[in-house]
Amino acid sequence: MKINTLKFGFRVVVLLAFISSNGQTVPVSDSKTPVEWVNPLMGTDSNYDVSNGNTYPAIAMPWGMNFWTPQTGSMGDGWAYTYGATQIKGFKQTHQPSPWMNDYGQFSIMPVTGNLKFKEKDRQSWFSHKTEIVTPYYYSVYLAEHDVTTEITPTERAARFRFTFPKADSYIVVDAFDKGSYIKIIPQEKKIIGYTTKNSGGVPKNFKNYFVIIFDKEFTIANTFNGDVLGTALEMRADHSGAVIGFKTKDNEKVNVKVASSFISFEQAEINLKEIGNNDFDQLKAKGKTVWNDNLSKIKTEGGTAAQTTTFYSCLYRSLLFPRKFYEYDASGKAVHYSPYNGEIVPGYMYTDTGFWDTFRSLFPFLNLVYPKTNAEIQEGLSNAYKESGWLPEWASPGLRDIMVGNNSASIVADAYLKIGTQSNYDIKNLYEAVLHGANNAGPMKAVGRAGVDQYIKLGYVPYDVVNESAARTLEYAYDDFTIYQLAKALKRPKSEIDLYKKRSLNYKNLFDPTHNLMRGKMTNGKFMEPFDPIRWGEGFTEGNSWHYSWSVFHDVQGLIDLMGGAAIFTKQLDSVFAMPPVFNNSFNGGFIHEMREMQVANMGQYAHGNQPIQHMIYLYNHGSQPWKAQYWVRETMNKLYNPNPDGYCGDEDNGQTSAWYVFSAMGFYPVTPASDQYVIGAPLFKKVTLNLENGKQVIINSPKNSDSNRYIKAMQFNGKDYRKNYLSFTELMKGAVIDVDMSDTPNKERGTKKEDLPYSLTNE
C-alpha cells in the first residue's frame, strides 16, 4: 500500500517501526538522514499512574532556550501533551523538564475561525495523529474544528509559525496564562508584546518571561481578555491576561508569525527575534534540519532494523535537549543571563532544567564523550550558579528546587574536569570550592548541599532516625566523596584532603547488612532499623527499595563483592534481582507511586529500569567475572523495555538519562563509574557504529555478526589486537579506535574472567 507521508504525518519507516517494535524483520534505508529517524512522540503515551516516558514532543533546537509543543492538557497541567488526547488547546512555549516539575515561562498561541472563541475549552480543536507531522525541527497539524493547518519551526530563542486558514473570519489567540501576566496589542506594528510569570517554583520574585509576536497581516480586530472576560482595551495586566487579533482570510491563505521571548526584557526579546533573520518559514525549517543532522551525525549506526534505528536516534534526540540554555546574547553579541538564583542580569553562560540525581549516571558522561564543548559551557554555567546562589544546584528548574537526594553535582563537576577540563578554560578553582562547600554543609533545602551532613561526617552514615531517605543519601554521598577524591588528585590538592575523601568514599560499608547481603538503614545508635523488608519501597530509600539501591557502590564494586563474600555470591545476588517476582511492599508510601507499577508491568523481577538507581546494575556482572550475563540482560532490556512508539520507555525519560542509557548500551559500553577513566562493556546492538569525536578522531565499532540471537561477545580486537578486558578506556578512545567484535549466540565463559580483565574498583587501587 502506498502511504502519503505528508498526510499521515509519520514517515513510512516510523510506521513500519511501530508495527515491528522488536525490530528484527524490517530493513533499514541508508538514504535517510539521522533526524529523519527521530520520533519525538516516543514516550508521550503516559499519564499520572503509569509513565511510558512522560515526554512531550519538544519542537526545539539542541539545548534550546525555548521549546514549543502542542498543548492538549489544560493550563497548568504538567501533562501538557498526551498521545491519547483528541483535542489541542494551543501551541505552547514551554520550559518544562518533566510533568512532575511542571513548567515556567509559558504562554500559548492558537488559531480560531468562525465565532470568536478565546477560552481554552471553547477554542480547542479536534485533531488526529494521521494529520500530525512531528520532527525535532518542524511540527504540523490540521485543526479540524477550525479548518486550519498550524506549522511551527524553531530557533534557540525564537520561532516561526505558519497558519493556513480557510475563507473565514479568522483569529489568533495569544494566552499569557494566569498567576500574573501582561499583554499589549500594537496594531500599527502588527505586533503583540507581553509577559508571563506563571511558574512552579525555583524563581526569584521578579521573574518574568517577556515575549514579542509579529504578524505579517494587518489586524481588523484587536481585543484583550482578563480571565473569562473579553474587552476592547489594547493593553491588559491581570492575573490571567490574553489577546485576540483577527482578520478575514481567503481560502488557503497563509499567515506568518514570528515570535521570540526573553527572561531579561522586551528589548532582549526583540534581539532574540533576530535569530530568524531574513529566513522565510521553509528556509528556517531547512536550517533547523541541518542543525539537528549536524548534531545527530556525531554517531552513525548501520546494520540495525528500522525499529532499532528509530529508537536509537529518538533517544539521541532526547539526550540533546537538557540541560537547556538559559542565556541570551545581548546587543553586542555577548552571553548574558537572567539569574534564576538572585534575579539579576549577569554576564556569562547558564544552563538549567536538569536533575543531577538522574543525569549524573549516563547523560553527563555522554556529553563529556560526544559533546564536550557543550558541557564545558554547562560547567561555566555551574560556576556562575555557585557565584549567584552560594550553592551548586542538584535539581535546577530554573533555580534551586527541593527534590531528590544526593550531592551529585560533585560527580558532574569531577567527571567533566577529568575528561574535558584540561582542554577548557572554565573556572575549576571556583567549582572545586563549590563542591567542597556542598559536601560539608547542609543547604537551604534538603536537596541542596547534604542533608544530615553532620551525622554523616561523625558516624560515617546518615541515620534513619534523623533524615528521611537516609540510606540512599549515604550511598550517594559516599560515591560523591569518591568523585571529590578523584578531582582532588587531579588538582594536586594536599594529601590530607585527598585521603579524607578517599576514606569517606568507603562509608557505603557502614550500611551493609551481611544477614541479607543488602544495604539497610541504620539508626543513630549504630543498630540497623527494624523491621526490614528488602522489597519495601521508601523508608531509607528514594523511589525504590533495598534491592534497587544496594548496587549503588559505583566506585568500588569489588569492595561490595568482598562484603558479600566473593564473586560467586555477588553474581548470585545479581541473578536474584531478575529471578524474584516483581512484587513490592508499599506500606511506607501508603499507596502506589508510578515507579512501582512500571517495575511490575515490565515483568523483569526486581529490575526496575524505569527508575535510575538500578540502571547500571546489569553491567556489574563484569566485575563479578560473568560478562556474558551483562551481555544477555543489556540486550534483553533494550529489546523489551524500549521501542520507537508513543509507549516507548519503561518509566520517566528524565532529561536524557534513560535515553543516554540506551545510546551508550547500543554502542556497547556504559559509564558505571563516572570520574573514572573507564566504560564497562556490554554488547553492541548494531553491526557497525561510527562515533565522530569533536577532536576529529573516530571510534568505529564493527560487529558484523550481530543479530537478535547473536548477543554474546565471542572475541574482541582493539586496534587489531586481541582485547579481553571488560572495559574501555576513555583516554584510549579519544585517540581514535577500531573495535572489532565477534558476536555469537553462545556465551564465551572464558573471556573477561580474570582479575586483570575486571573494571575499576577503588579497592583494587
Side-chain angles (χ1 to χ4, degrees), residues 9-10 14 17-18 21 38-60 67-89 92 94-103 106 127-129 132 134 136 139 141 200 307 310-311 314-315 317-319 321-322 353-355 358-359 363 397 403-404 543-544 582 591-604 608-612 615 637-638 640-662:
F10 299 116
V14 178
F18 287 4
S21 62
V38 175
N39 177 21
L41 295 183
M42 179 177 166
T44 59
D45 190 9
S46 300
N47 57 53
Y48 181 89
D49 296 313
V50 177
S51 173
N52 291 309
N54 265 335
T55 64
Y56 56 86
I59 315 306
F67 297 176
W68 289 90
T69 192
Q71 178 193 343
T72 63
S74 299
M75 178 177 63
D77 188 347
W79 281 263
Y81 177 100
T82 52
Y83 189 79
T86 56
Q87 290 176 292
I88 287 175
K89 296 177 172 66
K92 186 169 84 158
T94 177
H95 302 91
Q96 180 172 295
S98 82
W100 309 108
M101 302 302 290
N102 215 305
D103 208 350
Q106 53 196 297
F127 81 106
S128 168
H129 297 299
E132 191 179 36
V134 192
Y139 178 86
V141 69
S200 306
T310 301
T311 303
S314 299
C315 284
Y317 148 78
R318 289 282 168 194
S319 301
L321 292 175
F322 299 102
D353 291 329
T354 184
D358 306 284
T359 54
L363 188 277
S397 179
I403 186 171
M404 307 314 292
E543 297 180 355
F592 294 101
I593 59 174
H594 70 96
E595 289 88 355
M596 296 174 183
R597 288 292 186 215
E598 288 142 19
M599 181 191 77
Q600 186 181 42
V601 300
N603 194 26
M604 291 182 71
H609 187 84
N611 210 17
Q612 279 67 41
Q615 286 181 350
T637 301
M638 285 191 285
K640 189 172 183 180
L641 302 186
Y642 291 80
N643 66 62
N645 303 344
D647 67 346
Y649 293 99
C650 53
D652 287 350
E653 193 280 327
D654 280 329
N655 310 116
Q657 165 58 29
T658 302
S659 290
W661 185 96
Y662 186 93

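Because the structure is a prediction, the values reported are computed rather than measured.
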**Study point:** Sole candidate of Thr72, Asn102, Asn54 that passes side chain to side chain donor-acceptor pair (under 3.5 Å) when paired with Trp79
**Key:** Asn54

Exercise for review: Return yes if some donor-acceptor pair links the side-chain N/O of Thr82 with the main-chain N/O of Gly84 below 3.5 Å, else return no.
Suggested key: no

Check your understanding: Of all heavy-atom pairs between Leu641 and Ala602, which one has the smallest distance, and what is that distance?
Key -> CD2-CB, 3.8 Å

**Study point:** Candidate pair Ser46 and Asn52, rule side chain to side chain donor-acceptor pair (under 3.5 Å), full reasoning
**Key:** CA-CA 5 Å; Ser46 300; Asn52 291 309; 4.8 Å; no

Check your understanding: Where do Ala58 and Tyr317 come nearest, in terms of heavy atoms and distance?
Key -> O-OH, 2.8 Å

Check your understanding: Going by heavy atoms in the side chains, are Met42 and Thr311 under 4.5 Å from each other?
Key -> yes

Review point. Of the non-hydrogen atoms in Gly78 and Gln96, which two are nearest, and what is the gap between them?
Key: O-NE2, 2.6 Å

Practice item. Compare all side-chain heavy atoms of Tyr48 with those of His594 and state whether any distance is below 4.5 angstrom. Key: no

Exercise for review: Take the angle between the ring planes of Tyr642 and Trp661 and call it parallel below 30°, perpendicular above 60°, tilted in between.
Suggested key: parallel

Point to revise | Stepwise side chain to side chain contact (heavy atoms under 4.5 Å, CB included) check, Asn611 with Glu595 | key: CA-CA 7 Å; Asn611 210 17; Glu595 289 88 355; 3.9 Å; yes

Point to revise | Mutual orientation of the aromatic rings belonging to Phe67 and Tyr56 [parallel < 30°, tilted 30-60°, perpendicular > 60°] | key: tilted

Exercise for review: Please report the closest heavy-atom contact between Phe322 and Asp353, naming both atoms and the distance.
Suggested key: CD2-O, 3.2 Å

Point to revise | Donor-acceptor contact present, side-chain Thr69 to main-chain Pro57, <3.5 Å | key: yes

Point to revise | Heavy-atom pair of closest approach, residues Pro97 and Met101 | key: CG-CB, 3.8 Å

Point to revise | Evaluation steps, side chain to side chain donor-acceptor pair (under 3.5 Å), between Asp652 and Ser51 | key: CA-CA 6 Å; Asp652 287 350; Ser51 173; 2.7 Å; yes

Practice item. May I have the step-by-step check of side chain to side chain contact (heavy atoms under 4.5 Å, CB included) for Asp49 and Arg597, ending in yes or no? Key: CA-CA 8 Å; Asp49 296 313; Arg597 288 292 186 215; over 6 Å; no

Review point. Is there side-chain contact between Tyr649 and His609, with at least one heavy-atom pair below 4.5 Å?
Key: no

Review point. Is there side-chain contact between Lys92 and Asp103, with at least one heavy-atom pair below 4.5 Å?
Key: yes

Practice item. Report the C-alpha separation of Glu653 and Ser659 in whole Å, then their side-chain angles, then the decisive distance to 0.1 Å, and conclude whether the side chain to side chain donor-acceptor pair (under 3.5 Å) test is met. Key: CA-CA 7 Å; Glu653 193 280 327; Ser659 290; 2.6 Å; yes

Study note, to complete from the structure: Heavy-atom closest pair (Thr637 atom, Met604 atom, distance to 0.1 Å) is OG1-CE, 3.7 Å

Check your understanding: Are the side chains of Ser319 and Leu363 in touch, meaning some heavy atoms are under 4.5 Å apart?
Key -> yes

Check your understanding: Between Gln612 and Thr658, do the side chains contain an N or O donor and an N or O acceptor separated by less than 3.5 Å?
Key -> yes

Practice item. Would you mind telling me which of Leu41, Thr55, Ile88 makes a side chain to side chain contact (heavy atoms under 4.5 Å, CB included) with Tyr81? Key: Leu41

Practice item. May I ask you to test the Trp68-Tyr139 pair for a side-chain heavy-atom distance under 4.5 Å? Key: no

Revision key, fill the gap. Taken to the nearest 0.5 Å, the spacing of Asp358 CG from Asn655 CG works out to 6.5 Å

Practice item. Would you indicate whether the side-chain heavy atoms of Gln615 and Gln657 approach each other to under 4.5 Å? Key: yes

**Study point:** Student check: side-chain heavy atoms of Pro40 and Ser314 closer than 4.5 Å
**Key:** no

